[in-house]
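Everything on this sheet refers to the single structure shown next.
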Number of protein chains: 2
Amino acid sequence: MRSDCPLNYGIEIFGDKWTLLIIRDLMFFGKRYYNEFLSSAEGIATNLLADRLAMLEKEKIIRKGKDSQHKQKIVYSLTEKGIDLLPVILCIGLWSDKYASIKLNPNRDLIIGDAKKNLPRGIDKMKKNLLKEHVKLKMKNEE
Amino acid sequence: MRSDCPLNYGIEIFGDKWTLLIIRDLMFFGKRYYNEFLSSAEGIATNLLADRLAMLEKEKIIRKGKDSQHKQKIVYSLTEKGIDLLPVILCIGLWSDKYASIKLNPNRDLIIGDAKKNLPRGIDKMKKNLLKEHVKLKMKNEE
DNA sequence: TTGTACCGCTTGTGTTTTGCAAGTGGTGCA
DNA sequence: TGCACCACTTGCAAAACACAAGCGGTACAA
């Protein structure tokens, strides 16, 4: 750690071009598998993805699990620490929505639109949904 | 731009280890001069600082001005686009406050504590203060 | 008018991280 | 037994970063 500033703590973990995108994929697009992260629009490289997934697991932001259906596959899911990044991601999304000149993807605009209307109630609701899923997956993995 | 995702727009601008720290310094610690940014705890290098300041100015997140008191110096200040990053920075701070094992700097804890108690009212109040200063500086520069 | 201190910023260098392509070892299923 | 597919590694070139030194310009004091 470079300093005792709380902002810096977050930046040292997800202050790069890829980490938050992986979390976004888990959080909003239901992606769970290595291959799914690779197929995202931004096009992360395989070595960087492996590196980030390992880091996120070490930081206890995501968790590795086995897929009972497809036994070769590894399931990645958010921990509560990861789910708590929801406000961070929404804030960045809202800011970008306000200032980006690019056309926004309508799917994402739906999410952003919801958050824009009622903050922080919208965040709470979304968080609850994510937590429900989180608990389900946790139980599944511990079976 | 790698994609049309709004999250990605923000990440492409401030998704690195330094940019948000500079904005933090402007926003919370009243830093205005090149030298002041250099003296922050994290220790940014001079070339990287110059690079990020130029980028932030290009993105219209900060603005360069002349100092009427100390004529050699260049004054950097946040634009409204920059001020609107306040929620992003606070969200990261709150998350870190919850999960960082490190001891937090008490000065920063004050700010974080305020934000924790009443979001988004706390954010609104802080934003208003920042905007007041922003207008003042703008007028000064246009004299 | 000259000297000096200080300003933002650049340059040069070695190191680390990234980006891209190809390949590897391991597992499950036909 | 063979093949397809899985997460992940390796090799290499290019870019970004970190660190130290230095540069041109301005202001102010002698």
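Lettering of chains follows the sequences in order, A, B, ..., and the numbering in each one begins at 1.
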For nucleotides 2-6 of chain C, tabulate all protein N/O to nucleotide N/O atom pairs closer than 3.5 Å, reporting atom names and distance.
residue, atom, partner, partner atom, Å
dC6(C), O2, Q72(B), NE2, 2.9

Provide a list of protein-nucleic acid N or O atom pairs under 3.5 angstrom, restricted to nucleotides 20-24 of chain D.
none

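Close to dC8(D), at under 4.0 Å from its OP1 or OP2, lies a side-chain N or O of Y76(A). Distances shorter than 4.0 Å separate some side-chain N or O of W18(A) from OP1 or OP2 on dG19(C). Here R52(B) does not reach the OP1 or OP2 of dC9(C): none of its side-chain N or O atoms lies under 4.0 Å away.
E12(B) has its CD atom 15 Å from the P atom of dT18(C), to the nearest Å. What separates NZ of K17(A) from P of dA15(D) is a distance of 16 Å, to the nearest Å. In this structure, Y33(A) atom OH and dC5(D) atom P are separated by 16 Å, rounded to whole Å. Atom P of nucleotide dC6(D) and atom NZ of K66(A) are separated by 18 Å, given to the nearest angstrom. Put simply, CG on D51(B) is 12 Å from C1' on dT10(C), counting in whole angstrom units. With rounding to whole Å, Y34(B) atom OH is found 17 Å from dT26(D) atom C1'. Remark: C1' of dC6(D) and CD of E36(A) are 13 Å apart, rounded to the nearest angstrom. Per the geometry, CG belonging to D16(A) stands 15 Å off P belonging to dA16(D), to the nearest Å.
You'll find the side chain of I22(A) reaches within 4.5 Å of the side chain of L49(A), heavy atoms only. Residues C5(A) and R24(B) meet the side-chain proximity criterion, which asks for heavy atoms closer than 4.5 Å.
Every residue meeting the salt bridge (Lys or Arg N to Asp or Glu O under 4.0 Å) condition with D16(A), not counting sequence neighbours, appears here in chain and number order: R52(A). Residues meeting the side-chain hydrogen bond (donor to acceptor under 3.5 Å, both in side chains) test with E133(A), sequence neighbours left out: R32(A). Checked against side-chain contact (heavy atoms from CB on, under 4.5 Å), D51(B) has no partners two or more places apart in sequence or in another chain.
Rounding to the nearest 0.5 Å places OH of Y76(A) at 13.5 Å from CG of D25(A). With values rounded to the nearest 0.5 angstrom, K98(B) atom NZ is found 11.0 Å from K81(A) atom NZ.
Residue contacts shown for F37(B) are absent, as no nucleic acid heavy atom lies under 4.0 Å away.
Listed here is the closest heavy atom pair of I44(A) and L38(A): O-CD2, 3.5 Å.
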**Study point:** Residues D67(A), I74(A); criterion side-chain contact (heavy atoms from CB on, under 4.5 Å); working and verdict
**Key:** CA-CA 6 Å; D67(A) 191 341; I74(A) 291 173; over 6 Å; no
Exercise for review: Using the side-chain contact (heavy atoms from CB on, under 4.5 Å) rule, take K31(B) and L26(B) through it: C-alpha gap first, then chi angles, then the decisive distance, then the call.
Suggested key: CA-CA 5 Å; K31(B) 300 197 177 184; L26(B) 282 160; 5.7 Å; no
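Under the 4.0 Å criterion applied to side-chain N and carboxylate O atoms, R2(B) and E12(B) are assigned as salt-bridge partners.
Taking the screw axis at each terminus of the helix from dT1(C)-dA30(D) to dA30(C)-dT1(D) from five consecutive base pairs, the angle between the two is 0° to within rounding of 10 degrees.
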